[in-house]
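No hydrogens, no waters, no symmetry mates; every other heavy atom, side chains included, goes into these values. The residues of the chain are indexed from 1 along the displayed sequence. Atoms within each ligand, like the ligands themselves, are counted from 1 in listed order. None of the values given here were measured: they were computed from a predicted structure.
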Amino acid sequence: MHPAIRVSEIFGPTIQGEGVLIGLPTVFIRTGGCDYRCSWCDSLHAVDNQYRNEWLPMPIDAVWQTVHALSGGRPVMVSLSGGNPAIQPFGPLIERGHREGYRFALETQGSVVRKWFADLDVLILSPKPPSSEMTTSWAAFEACLEAAQEKPQIVLKLVVFDESDYAYAKEVAARYPHLPIYLQPGNHTPPRPGSEDTSVDLDGIMMRMEWLVERVTSDRWFEARVLPQLHVLLWGNKRAV
Ligand code: SF4
């Protein structure tokens with residue numbers, strides 16, 4: 001009997017809205033619980049203990065049946081998201097999905113290491129910059145890379161709000177020059193959990209996007225890729241899209 005996965009929501013298929021898999025049809029498993037509490041977290045309903053009673057411990061079978069039903073039984077990319085999905089016991093689910101041709105991408109800040117990282121297809125490491133008010137443990141981050149053993153495709157994704165975040169992103173890129181890096185302007189008007197209001201300051205986001213493009217190109221930082229959050233452009237702060 002495998003341990004249950006604490007699930008906040010499972011939804012899709014929709015498109016992946018950010019990073020290396022942007023635009024790809026995806027089913028999302030968003031887990032509940034996070035060891036971080038970023039100042040601008042856009043998924044507080046999957047982080048704040050206040051919503052803990054909404055995070056259902058689901059057996060692997062039930063999670064898989066839900067993913068299977070949403071995809072109509074056709075193999076699709078499955079995004080393991082959160083919260084911090086690394087906290088959850090995803091190994092058996094990945095094994096099961098792979099047998100049926102599904103692929104798995106995990107996005108995590110790199111603070112919790114798991115052996116099953118090596119079984120992923122894509123590992124997106126997203127260390128949090130100074131504006132998050134979190135502190136990166138580089139030892140834990142390194143352990144995540146070691147656990148992955150270069151088996152999945154590994155990429156970096158950095159949210160950038162301001163100059164100090166940009167400097168942090170450059171530091172991360174200098175530490176790991178072999179890893180592709182994706183930069184995205186932060187959403188400074190994240191959703192309030194439980195609110196029906198999906199509005200977002202798109203003008204502000206696009207201004208930051210322009211600033212980031214200008215910053216990267218004037219620095220001749222030609223390895224960085226700059227992308228907006230496509231789902232935010234399309235649907236604002238709407239949940240489960
Ligand atoms: S790591 Fe991600 S989910 Fe956790 S608090 Fe930060 S932004 Fe939110």
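- The side-chain heavy atoms of Arg225 and Leu183, taken from C-beta on, include no pair separated by under 4.5 Å.
- Close approach to Gln109 involves these atoms of ligand 1, each under 4.0 Å from a residue heavy atom: 1 (S).
- At a threshold of 4.5 Å between side-chain heavy atoms, the hydrophobic network of Ile, Leu, Val, Met, Phe, Trp and Tyr places Phe11 and Val76 in two separate groups.
- Inter-residue side-chain proximity for Pro13 and Thr26 is flagged as unmet; no heavy-atom pair is nearer than 4.5 Å.
- Ligand 1 is approached by Val47 to a heavy-atom distance shorter than 4.0 Å.
- For atom 4 (Fe) of ligand 1, the closest non-hydrogen atom of the protein is Cys34 SG, 2.3 Å.
- The shortest heavy-atom distance from Ser43 to ligand 1 is not under 4.0 Å.
- Counting heavy atoms from C-beta on, the side chains of Tyr102 and Ser71 come closer than 4.5 Å.
- Cys41 SG, 2.3 Å is the protein heavy atom nearest to atom 8 (Fe) of ligand 1.
- Taking 2.8 Å as the threshold, Cys38 does not count as a candidate ligand of atom 4 (Fe) of ligand 1, since none of its N, O or S atoms lies below it.
- Of the candidates Ser132, Ser131, Ser126, Ser126 is the only one forming a side chain to side chain donor-acceptor pair (under 3.5 Å) with Lys128.
- Heavy-atom contacts of Gly83 reach the following atoms of ligand 1: 3 (S) (cutoff under 4.0 Å).
- Protein heavy atom nearest atom 2 (Fe) of ligand 1, with residue, atom name and distance: Lys128 CE, 4.0 Å.
- At a threshold of 4.5 Å between non-hydrogen side-chain atoms, the residues Trp138 and Arg175 count as touching.
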